Every structure is written in C-alpha cells, then in structure tokens.
Amino acid sequence: MNRRRRIYEGKAKVLYEGPEPGTLIQHFKDDATAFNAKKHALIDGKGVLNNRISEYIFQRLGEIGVPTHFIKRLNMREQLIREVEIIPLEVVVRNVAAGSLASRLGLDEGSALPRSIVEFYYKNDKLNDPMVSEEHITAFGWATPAEIDEVMQMALRVNDFLVGLFLGIGIRLVDFKVEFGRLWEQNDNMRIVLADEISPDCCRLWDVSSGDKMDKDRFRQDLGGLIEAYQEVARRLGVLTENPRPKGSGPVLVSTNGMKPN
Ligand code: TMP
C-alpha cells in the first residue's frame, strides 16, 4: 500500500496517486490538530469516522446535483477522488455566531445571524490562513470574479442542504468550512467542484436539545469525548450500523417437506 506515490500530506489527510490518470486516493488520518497545528493529538478511529461521514455527505450532495470530487469509498480510511486544482481558499459558511466570528465582532456565541454569511480565508499555513476579501482574491489571481460567484452559490446551496439534513437528526449546523477545486475535462472545459471533506473536523455541530458540541471544538476546547461525539453524528446519519451483521449470517437454504437442497 505504502509504495504508492504520495502526492500531498496535510494535517488530517494524505493524498496518493490514484489507479487511473486524473484520480487520487484520499486517506483519512487519525491526527487532530488545532490552532494551525500548535495543538496535536492522535485520536484512534477519527479518520475512519470522517471517511464514512464525508462519503455520506458528498454522496447526498451529488444526488441533488452538487458536483464533487468524490468517486467512491475504497476502504475504512480511503476514498477514490478526482484530481482537481484546489482553489487556495477556505470557504466558511456561518448560520450562528461562534468561533472567530463571535470573538472578532463581539457577538454572543449561539446567537442566530441575520442571514447566512460566507467568508473567505487564504489557504496558507505560514500566514495562519488569513481572512481575505473578494478584492484580494481577484487582485492576486486566486480566483476570478466568475469563480467567486460560483463558489459562493455552491457554498450556500451546500449550506441549505446540510442545515436541513442535520436538523432532521437533531443537530444544529452552526458553521462549516469547505474547499473547491477546478476539474479539467476534455476540450479544456473546466468545472468547479466541491473538494476536500465535510466532517465534524470542519463543521460546528450542536445537539439541538442539549446544546452539546459534536465536532472538533471538543478537541480545541479540551472537552473530551471527541470520538463518542463523531460516532453519534455517524450513527444519526445512519452510516454506522450499531450491530453489524456477523460474517456468514446471510440467508440459509432450509429444506422443507423432506425436499433436499441440491
Ligand atoms: P472559525 O470560527 O474558527 O473561523 O471556524 C469556522 C469554521 O471553519 C468552523 O466550522 C471550523 C472550520 N475550520 C476549519 O475547518 N479549519 C480551520 O483551519 C479553521 C480555523 C476553521
């Protein structure tokens, strides 16, 4: 497995060369980092859960017509994806004041925002992913005005869908971060697609009834119980069967009236 060519290693994932040109394998690690990797831990099983949760969300988004890089899940930790040129922006959509928005603008954490807000951060660890405006993005050529429009529309569409999906399982989608990539097709056609992952690592998810945090803030704020929270998100989404059927317990041919199975 590890003889595959490694294309890129990030804080929580590794990208390997895929089996066909234009494909990659996205491997989910157990590493949890926060504050630009100043805080780091290995959390056993996190990668497996994020692989499943992200697969589920990308599939559901694909079904409603949101183009994504996802092709299929390969195993517990890996998925096959289309190779895209990542637009160097972290696109954050917020529904409720929390995190850096609450502290930057002095808002009460948990207060509903007048409408969903989209923010852009320049993906650059050395600079700590600074917040940028459309002016910066177009002036420095990270994306064109038309691409920014498309990214914003897609991010809001993803938000509308995810707010409903999570509300249906008793979870408030406070905010999340997504990334987009350029997918080059035949005839030099280019499409913008949703890339990276959507998992409790890059969302704020609060239980509707208790207000409990079910996301990476459990790690950032030393609340403990991260794996249990991610498991609960997976369970409510229906991607974890609590009692997986043991191997070999499939249908059995039963002979009746003395007839023998051949
Ligand atoms: P923030 O409130 O810290 O700016 O985070 C907004 C959302 O983006 C939150 O759901 C967590 C997510 N996020 C990431 O996925 N990666 C990051 O590096 C940061 C800072 C936030």
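None of these values were measured; they are calculated from a predicted model. Both ligands and their constituent atoms are indexed starting at 1 by order of listing.
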Is it true that a side-chain atom of [X] and a backbone atom of [Y] form a donor plus acceptor pair closer than 3.5 Å?
| X | Y | result |
| --- | --- | --- |
| Lys46 | Asp31 | yes |
| Asn75 | Arg77 | yes |
| Arg236 | Gly170 | yes |
| Asp207 | Ser210 | yes |

* Between Glu119 and Arg104, is there a salt bridge with N-O shorter than 4.0 Å? ->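 Counted as a salt bridge, because a side-chain N and a carboxylate O are separated by less than 4.0 Å.
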* **Side-chain ion pair, Glu9 and Lys29, N-O less than 4.0 Å** =>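 Between Lys29 and Glu9 there is a salt bridge, with a charged N closer than 4.0 Å to a carboxylate O.
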To check your reading of the model: name the closest protein heavy atom to [atom], its residue, and the distance in Å.
| atom | answer |
| --- | --- |
| atom 8 (O) of ligand 1 | Lys177 CB, 3.5 Å |
| atom 4 (O) of ligand 1 | Ser100 OG, 2.6 Å |
| atom 17 (C) of ligand 1 | Glu90 OE1, 3.8 Å |

Using a 4.0 Å cutoff against the non-hydrogen atoms of [X], which atoms of ligand 1 qualify?
| X | value |
| --- | --- |
| Phe176 | 10 (O) |
| Arg204 | 1 (P), 2 (O), 3 (O), 5 (O), 6 (C), 9 (C), 10 (O) |
| Arg220 | 11 (C) |
| Gly99 | 2 (O) |
| Cys202 | 10 (O), 12 (C), 15 (O) |

* **Intermediate values then yes/no, side chain to side chain donor-acceptor pair (under 3.5 Å), Asn159 and Asn95** => CA-CA 9 Å; Asn159 182 54; Asn95 301 301; 2.9 Å; yes
* Take atom 20 (C) of ligand 1 and look for protein heavy atoms under 4.0 Å from it; say yes if you find one, no if not. =>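 Not a single protein heavy atom is under 4.0 Å away.
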* Asked: Are there protein heavy-atom neighbours of atom 14 (C) of ligand 1 below 4.0 Å?
  ->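 Under 4.0 Å from atom 14 (C) of ligand 1, at least one protein heavy atom found.
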* To do: Decide whether the shortest distance between a heavy atom of Lys216 and an atom of ligand 1 is less than 4.0 Å.
  =>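 Distance cut 4.0 Å: Lys216 fails for ligand 1.
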* Identify whether NZ of Lys or CZ of Arg in Arg4 sits under 6.0 Å from the centre of the six-membered ring of Tyr16 and within 45° of that ring's axis. =>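 Yes - Arg4 lies over the ring of Tyr16, closer than 6.0 Å to its centre and within 45° of its axis.
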* **Check against ring pair (Phe, Tyr, Trp, His ring centres under 6.0 Å), Phe58 and His69** => CA-CA 9 Å; Phe58 274 60; His69 73 167; 5.4 Å; yes
* Asked: Any idea which of Asp175, Val174, Val91 brings a heavy atom closest to atom 10 (O) of ligand 1?
  ->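 Shortest heavy-atom distance from atom 10 (O) of ligand 1: Asp175.
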* Asked: When you look for heavy atoms under 4.0 Å from ligand 1, do you find them on the side chain of Glu119, its backbone, both, or neither?
  ->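 None of Glu119 does.
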